[in-house]
Amino acid sequence: MMRSRVERAAFRLMATTVAGGAVAAGLMTAPASARTATETAAVAGACPASGAISQGYHSGHDGIDIANALGTPIHAADAGTVTHSGPASGYGQWIRISHADGSVTEYGHMYQRDVAVGETVSAGQQIALMGSEGQSTGPHLHFEVHLDGGFGFGDDPVAYMSARGVALPC
């Protein structure tokens, strides 16, 4: 049976959670509104940055842009390990975080990075300050998600965060 990317990500999360000794029964099939508090906590996320969505996810833009003032704190959307932190073409500066379910979140255009490669971060931990570095028309966070952990075209960040109990913008 062919599973959607969301179902595959939920399955990976469930397998990781069960392997760690926790019970995650029903996580793969129950919609977010029907999950118990324990199941929701297993996939809880954090707001990456406050502000307004100035550009949404679409075929020509594989993330969302959250606009706010220069220096607005940027937070890790979920717990994980920092795999990239530094200069990047187009972004000016970027951060990538790998998560236990195999997904990766990507943050771009910040003027200050607060984490380094190899660091473990918690959901909601401040990782940077919003800027306008690289190809940018004003201060914002470019927030991107890759469910398969790759570098290709990203997946919808609004759906990813919604599955973690976070409505964007937040």
Side-chain angles (χ1 to χ4, degrees), residues 3-10 12-13 31-33 40 43-117 119 121-170:
R3 291 192 174 118
S4 72
R5 289 187 298 203
V6 172
E7 289 173 320
R8 288 192 308 268
R12 283 192 304 268
L13 176 62
S33 60
T40 301
V43 292
C47 179
S50 63
I53 295 179
S54 59
Q55 185 171 181
Y57 175 82
H58 55 80
S59 63
H61 188 247
D62 64 345
I64 61 168
D65 291 344
I66 302 172
N68 208 330
L70 184 70
T72 298
I74 297 171
H75 303 95
D78 204 348
T81 302
V82 177
T83 60
H84 295 81
S85 180
S89 179
Y91 281 141
Q93 298 189 59
W94 75 333
I95 294 170
R96 281 177 58 98
I97 300 173
S98 177
H99 306 286
D101 67 354
S103 67
V104 168
T105 51
E106 192 171 292
Y107 311 77
H109 303 298
M110 66 278 302
Y111 85 90
Q112 175 182 309
R113 292 172 289 106
D114 297 332
V115 294
V117 172
E119 285 186 47
V121 297
S122 57
Q125 178 179 332
Q126 181 175 315
I127 60 170
L129 296 177
M130 193 175 291
S132 185
E133 304 291 317
Q135 296 173 352
S136 172
T137 59
H140 73 282
L141 164 65
H142 176 79
F143 179 62
E144 200 167 299
V145 172
H146 296 270
L147 294 177
D148 64 1
F151 284 88
F153 196 83
D155 298 287
D156 184 359
V158 173
Y160 177 85
M161 293 308 298
S162 179
R164 284 153 179 74
V166 177
L168 294 176
C170 43

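From a predicted model like this one, the values you see are computed outputs, not experimental measurements.
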### Task
Return the minimal non-hydrogen interatomic distance between V158 and D156, and the atom names on each side.
N-OD1, 3.0 Å

### Task
Report yes or no: does H146 contribute a side-chain atom to a donor-acceptor pair with the main-chain N or O of D148 at less than 3.5 Å?
no

### Query
How about D78 and T105: do any of their side-chain heavy atoms sit closer than 4.5 Å?
no

### Message
Is there a side-chain contact between Y91 and E144 in this structure, where contact means two heavy atoms from C-beta onward sitting under 4.5 Å apart?
### Response
yes

### Query
Can you find a heavy atom in the side chain of M161 that is under 4.5 Å from one in the side chain of C170?
no

### Query
Looking at P48 and L141, what are the two nearest heavy atoms and their distance?
CB-CD2, 4.0 Å

### Whether H84 and F151 hold their rings parallel, tilted or perpendicular, with breakpoints at 30° and 60°
perpendicular

### Query
Would a 4.5 Å heavy-atom cut-off, applied to side chains only, mark I66 and T72 as touching?
no

### Query
For residues 123-133, which residue pairs qualify under side chain to side chain donor-acceptor pair (under 3.5 Å), counting only residues two or more places apart or in two chains?
D114-Q126, S132-S136

### Message
Is the shortest side-chain heavy-atom distance between F143 and Y107 below 4.5 Å?
### Response
yes

### Query
With sequence neighbours left out, what residues match E106 under salt bridge (Lys or Arg N to Asp or Glu O under 4.0 Å)?
R96

#### Entry: For S98 against V104, the heavy-atom pair lying closest together
CA-CG2, 4.1 Å

#### Entry: Side-chain touch H142/D62, heavy atoms, less than 4.5 angstrom
yes

### Message
Taking the side chain as everything from C-beta on, heavy atoms only, tell me whether Y160 gets closer than 4.5 Å to D155.
### Response
no

### Closest non-hydrogen atom pair between Y111 and L70, with its separation
CD2-CD1, 3.7 Å

### Query
Heavy-atom count around Q112 CD within 6.0 Å, excluding the residue itself: above 12?
yes

### Main-chain N/O of G56 paired with H61 side-chain donor or acceptor, under 3.5 Å
yes

### Query
So, for A52 and P169, which heavy atoms are closest and what is the spacing to 0.1 Å?
CA-CB, 4.5 Å

### Message
Going by ring pair (Phe, Tyr, Trp, His ring centres under 6.0 Å), name the residues that satisfy it together with H99, two or more places apart in sequence or in a different chain.
### Response
none

## Note on the structure
Nearest heavy-atom contact between V166 and A46 is CG2-N, 3.8 Å

### Message
In the structure I gave you, are the side-chain heavy atoms of S50 and N68 within less than 4.5 Å of one another anywhere?
### Response
yes

